[in-house]
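See structure below.
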Number of protein chains: 2
Amino acid sequence: MNKVFKALADPTRRKVLELLRQRAMTAGELSEHFEVSKPTMSAHFAVLREADLVDASKQGTTITYRLKLSVLEDALLGFSQAFGFGAAASADKTDTPGKGTQP
Amino acid sequence: MNKVFKALADPTRRKVLELLRQRAMTAGELSEHFEVSKPTMSAHFAVLREADLVDASKQGTTITYRLKLSVLEDALLGFSQAFGFGAAASADKTDTPGKGTQP
DNA sequence: ACCTTGTTTCGATGGTTAGCTAAATAACGA
DNA sequence: TCGTTATTTAGCTAACCATCGAAACAAGGT
């Protein structure tokens with residue numbers, strides 16, 4: 001959970017998550033949205049993977065990244081709740097059927 | 001708003017905010033909850049001040065820190081909303097009547 | 001087999017951050 | 001004015017992080 005906040009601390013990574021929120025994208029596709037080198041992007045992806053915020057699935061030569069809403073939800077909402085501002089959890093996890101921070 | 005997330009990336013600072021949520025506390029009082037030196041705590045306070053997450057008021061020799069809920073709320077809820085999970089904003093900002101990320 | 005494209009690893013570099021000790025500042029009481 | 005207490009500033013070190021260019025590693029298409 002600390003890793004989630006660490007991951008969120010970087011604007012680039014936050015933007016990646018926002019892009020991923022709309023639809024799953026490949027690493028290369030995501031990279032086009034930023035003016036940093038591929039290796040740098042790769043490093044950002046690694047951080048997001050480490051924080052379990054995204055799910056990477058390789059098909060052929062490309063790797064598709066997918067947002068794991070449930071994890072982001074848990075961290076953000078959990079924290080929000082600790083501060084009183086309710087947080088009406090209602091993420092429609094249509095593509096995370098298993099739910100929950102998987103072990 | 002980036003500063004808020006940067007500030008939130010550190011566990012010590014998050015804990016400070018949680019402590020401050022219950023009641024305003026002096027710098028020394030807060031320091032007692034952690035096993036780091038006073039100067040280190042002071043640096044953390046500076047980061048929180050920079051992010052506008054806390055309000056410092058000096059009375060005599062002591063400085064009382066107070067959580068600025070509205071700023072935390074804006075950042076967290078704003079971000080949450082961008083991801084769909086609603087976020088029912090309802091922080092009782094009894095001591096921040098002005099509200100909103102002050103200009 | 002041989003390119004081509006997408007992605008990651010390697011090694012280096014500059015900037016940022018958390019932590020420390022020791023010293024400075026500020027306000028109060030005697 | 002002289003201590004005492006609370007907090008911050010100064011100066012430092014060590015660790016970390018973002019970034020890069022270049023090279024290595026797939027997987028497919030030709």
Side-chain angles (χ1 to χ4, degrees), chain A residues 1-20 22-68 72 75 79, chain B residues 1-20 23-68 71-72 75 79:
Chain A
M1 185 232 178
N2 186 36
K3 283 182 181 172
V4 173
F5 277 99
K6 278 271 180 69
L8 255 32
D10 188 284
T12 300
R13 290 193 287 262
R14 283 201 304 276
K15 185 133 188 233
V16 167
L17 292 179
E18 289 192 32
L19 287 169
L20 248 27
Q22 318 185 11
R23 60 147 198 246
M25 289 170 99
T26 70
E29 215 173 350
L30 284 165
S31 295
E32 284 169 14
H33 289 80
F34 304 90
E35 296 200 336
V36 300
S37 70
K38 302 298 180 74
T40 298
M41 284 307 291
S42 190
H44 283 309
F45 295 151
V47 172
L48 291 173
R49 259 184 276 124
E50 255 292 299
D52 202 33
L53 281 168
V54 300
D55 180 66
S57 68
K58 171 180 251 172
Q59 50 235 299
T61 101
T62 72
I63 296 186
T64 300
Y65 283 103
R66 197 175 311 273
L67 177 61
K68 287 175 92 167
L72 186 59
F79 188 70
Chain B
M1 186 234 179
N2 187 36
K3 281 182 183 172
V4 173
F5 278 99
K6 278 272 180 67
L8 253 33
D10 189 283
T12 299
R13 290 192 289 260
R14 284 203 302 276
K15 185 129 188 237
V16 167
L17 292 178
E18 290 192 32
L19 287 169
L20 248 30
R23 60 151 200 256
M25 288 170 97
T26 69
E29 213 172 352
L30 283 165
S31 295
E32 284 169 13
H33 289 79
F34 303 90
E35 296 201 335
V36 299
S37 71
K38 302 294 183 76
T40 297
M41 286 306 294
S42 189
H44 281 309
F45 297 151
V47 171
L48 291 172
R49 256 184 277 124
E50 257 292 298
D52 201 33
L53 281 168
V54 299
D55 180 66
S57 67
K58 170 179 252 172
Q59 51 234 299
T61 99
T62 72
I63 294 187
T64 300
Y65 283 103
R66 196 174 313 271
L67 177 61
K68 288 175 92 165
V71 178
L72 186 60
F79 188 70

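Within every chain, numbering begins at 1; the chains are lettered A, B, ... in the order of the sequence lines, protein sequences first and strands thereafter. None of these values were measured; they are calculated from a predicted model.
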Is there any protein nitrogen or oxygen under 3.5 Å from a nitrogen or oxygen in nucleotides 19-21 of chain D, and what are the pairs?
residue : atom : partner  : partner atom : Å
dT19(D) : OP2  : His44(A) : NE2          : 2.6
dC20(D) : OP2  : Ser37(A) : N            : 2.7
dC20(D) : OP2  : Ser37(A) : OG           : 2.8
dC20(D) : OP2  : Thr40(A) : OG1          : 2.7

### Query
Between atom CG in Leu48(B) and atom C1' in dT8(D), what is the gap in whole Å?
15 Å
### Message
The criterion is ring pair (Phe, Tyr, Trp, His ring centres under 6.0 Å); which residues satisfy it with Phe5(A), sequence neighbours excluded?
### Response
Phe79(A)
### Query
Taking any atom under 4.0 angstrom from a heavy atom of chain B, which nucleotides of DNA chain C are the first and last to qualify, 5' to 3'?
dA18(C) to dC28(C)
### Query
Rounding to a whole Å, what distance do you find between Ile63(B):CD1 and dT5(D):P?
18 Å
### Message
I'd like to check the side chain to side chain donor-acceptor pair (under 3.5 Å) partners of Thr40(A); sequence neighbours left out, ordered by chain and number.
### Response
Ser37(A)
### Task
Under 4.0 Å between any heavy atoms, over every strand shown, what does Tyr65(B) touch: base, sugar-phosphate, or nothing? Just pick one.
sugar-phosphate
### Query
Does Ser42(B) have a side-chain nitrogen or oxygen under 4.0 Å from the phosphate oxygens OP1 or OP2 of dT8(D)?
yes
### Task
Round to the nearest Å and state the distance from Lys6(B) atom NZ to dC16(D) atom C1'.
13 Å
### Query
Nearest-Å distance, CD (Gln59(A)) to P (dA27(D))?
13 Å
### Task
For Glu29(A), check salt bridge (Lys or Arg N to Asp or Glu O under 4.0 Å) against everything at least two apart and list the hits.
Arg23(A)
## Note on the structure
Sorted by chain and residue number, the ring pair (Phe, Tyr, Trp, His ring centres under 6.0 Å) partners of Phe45(B) (sequence neighbours excluded) come out as Tyr65(B)
### Task
Would you check if Met25(B) and Leu20(B) make a side-chain contact, meaning some heavy-atom pair closer than 4.5 Å?
yes
### Task
Could you tell me the separation between the OG atom of Ser42(B) and the CD1 atom of Ile63(B), rounded to the nearest 0.5 Å?
8.0 Å
### Query
Base, sugar-phosphate, or nothing for Thr26(B), non-hydrogen atoms under 4.0 angstrom?
sugar-phosphate
### Task
Name all pairs fulfilling the salt bridge (Lys or Arg N to Asp or Glu O under 4.0 Å) condition that reach into residues 1-14 of chain A, sequence neighbours left out, sorted by first residue then second.
Lys3(A)-Glu50(A)
### Protein-nucleotide distance (Leu30(B), atom CG; dA6(D), atom C1'), rounded to Å
13 Å
### Task
Quick one: list whatever passes side chain to side chain donor-acceptor pair (under 3.5 Å) with Ser31(B), sequence neighbours left out.
none
### Query
In chain order, what residues pass the side chain to side chain donor-acceptor pair (under 3.5 Å) check against Gln59(A), with sequence neighbours excluded?
Thr64(A)
